**Q** 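Attaching a single structure in structure tokens format; questions to follow.
Counting starts at 1 for both ligands and their atoms, in listed order. Just so it is clear, the structure is predicted and the values come from calculations on it, not from any experiment.
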Amino acid sequence: MTQSDTKHEQWHWASVVIHWVSVLAVLSLFFLGLWMVDLNYYSEWYRTGPDLHKSIGISLFVLTLFRLVWLKLKGKPTALSTVSRRDHNIAKLAHTVLYFLLFSVMLVGYLISTADGRAIEVFTVFEVPALIYGIDKQEDIAGVVHYWLAIILISLVALHALAALKHHFINKDRTLIRMLGR
Ligand code: HEM
């Protein structure tokens with residue numbers, strides 16, 4: 001096997017870093033989101049929690065856009081010969097749905113925050129302007145949709161993680177190992 005063949009069987013290190021940073025961001029957003037909605041006005045996190053949630057969300061949005069551009073430029077590693085065509089296609093579909101859900105949750109979240117016409121401040125570094133606001137019940141409807149999309153996303157993430165663990169412990173292939181950059 002030549003050097004370039006070997007290289008093509010691995011994820012690029014940047015893809016690996018982006019994957020795991022995204023995992024951290026999605027999990028933080030999910031648990032922070034659930035926690036912060038129960039905070040009362042007297043909690044010191046009452047404003048900081050949502051500010052942090054929005055800042056991480058917008059950062060993840062930018063990172064995910066970059067991730068797709070990066071994927072286009074660098075491509076994916078070749079499919080493992082130990083993975084059947086059927087499983088490969090299911091994984092491809094699951095990854096596409098994951099991207100779709102990620103963008104949907106973030107865009108609907110944007111609609112909650114901007115419903116009153118206020119811009120979103122990202123880590124006090126820059127602001128994302130409110131482009132769509134003032135729609136009847138915008139905040140309420142976007143809030144419910146955001147919640148359920150996040151629940152569906154996390155459920156699919158759990159299945160995706162279980163599939164990765166199955167590859168590792170039952171099929172004993174390199175699917176998970178190579179997403180760890182090894
Ligand atoms: C928030 C959680 C997660 C999200 C949003 C996510 C998303 C994704 C996406 C979109 C891909 C496809 C990469 C691409 O083709 O561009 C991928 C690949 C992968 N993920 Fe995750 N992931 C998450 C959590 C996890 C966890 C917890 C594990 C391990 C336990 C994991 C293991 C893998 C592996 C092994 C691959 C490579 C699959 C392959 O080679 O076909 N992911 N992930």
**Q** Could you list the residues that satisfy salt bridge (Lys or Arg N to Asp or Glu O under 4.0 Å) with Arg47, not counting sequence neighbours?
**A** none
**Q** Check this for me: Phe100, atom CZ, are more than 12 non-hydrogen atoms of other residues, nucleotides or ligands nearer than 6.0 Å?
**A**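 No, the 6.0 Å shell around CZ holds no more than 12 heavy atoms from other groups.
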**Q** Going through the distances and angles, do Arg118 and Glu127 end up as a side-chain contact (heavy atoms from CB on, under 4.5 Å)?
**A** CA-CA 10 Å; Arg118 269 187 298 164; Glu127 279 191 349; over 6 Å; no
**Q** So which of His146, Glu139, Gln138 actually passes side chain to side chain contact (heavy atoms under 4.5 Å, CB included) with Leu111?
**A** Gln138
**Q** Answer yes or no: does atom OH of Tyr133 have more than 12 heavy-atom neighbours from other residues, nucleotides or ligands under 6.0 Å?
**A** no
**Q** Looking only at protein heavy atoms, which one is nearest to atom 39 (C) of ligand 1, and how far off is it?
**A** Thr175 CG2, 4.0 Å
**Q** Which ligand 1 atoms are under 4.0 Å away from a heavy-atom of Arg67?
**A**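 Answer for ligand 1: 8 (C), 9 (C), 10 (C), 11 (C), 13 (C).
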**Q** If the cut-off is 4.0 Å to any non-hydrogen atom of Val26, which atoms of ligand 1 fall inside it?
**A** 1 (C)
**Q** Let's test this: below 2.8 Å, count the protein N/O/S atoms around atom 21 (Fe) of ligand 1.
**A** 2
**Q** Sequence neighbours left out, cut at 3.5 Å: what donor-acceptor pairs do the side chains of residues 16-29 make with other protein atoms?
**A**
{"residue": "Trp20", "atom": "NE1", "partner": "Met179", "partner atom": "O", "Å": "2.7"}
{"residue": "Ser22", "atom": "OG", "partner": "Ile18", "partner atom": "O", "Å": "2.7"}
{"residue": "Ser28", "atom": "OG", "partner": "Leu24", "partner atom": "O", "Å": "2.5"}

**Q** Would you confirm whether Arg178, through its side chain, and Glu9, through its main-chain N or O, come within 3.5 Å as a donor-acceptor pair?
**A**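 Side chain of Arg178 to backbone of Glu9: a pair is present.
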**Q** Nearest heavy atom to atom 14 (C) of ligand 1: which of Phe100, Trp20, Tyr99 does it belong to?
**A** Tyr99
**Q** Who pairs with Asp173 by salt bridge (Lys or Arg N to Asp or Glu O under 4.0 Å), at least two apart in sequence or on another chain?
**A**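 Checked Asp173 against salt bridge (Lys or Arg N to Asp or Glu O under 4.0 Å); zero matches.
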**Q** Number the atoms of ligand 1 from 1 as they appear, then name those within less than 4.0 Å of a heavy atom of Leu71, with their elements.
**A**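 The atoms of ligand 1 under 4.0 Å from a heavy atom of Leu71 are 16 (O).
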**Q** Rounded to the nearest 0.5 Å, what's the gap from CG on Leu149 to OG on Ser104? Could you check?
**A**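 Going from the CG atom of Leu149 to the OG atom of Ser104 covers 5.5 Å.
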**Q** Heavy-atom contacts with Lys76 under 4.0 Å: which atoms of ligand 1 show up? List them by number with element.
**A**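 Here the atoms of ligand 1 in question are 15 (O).
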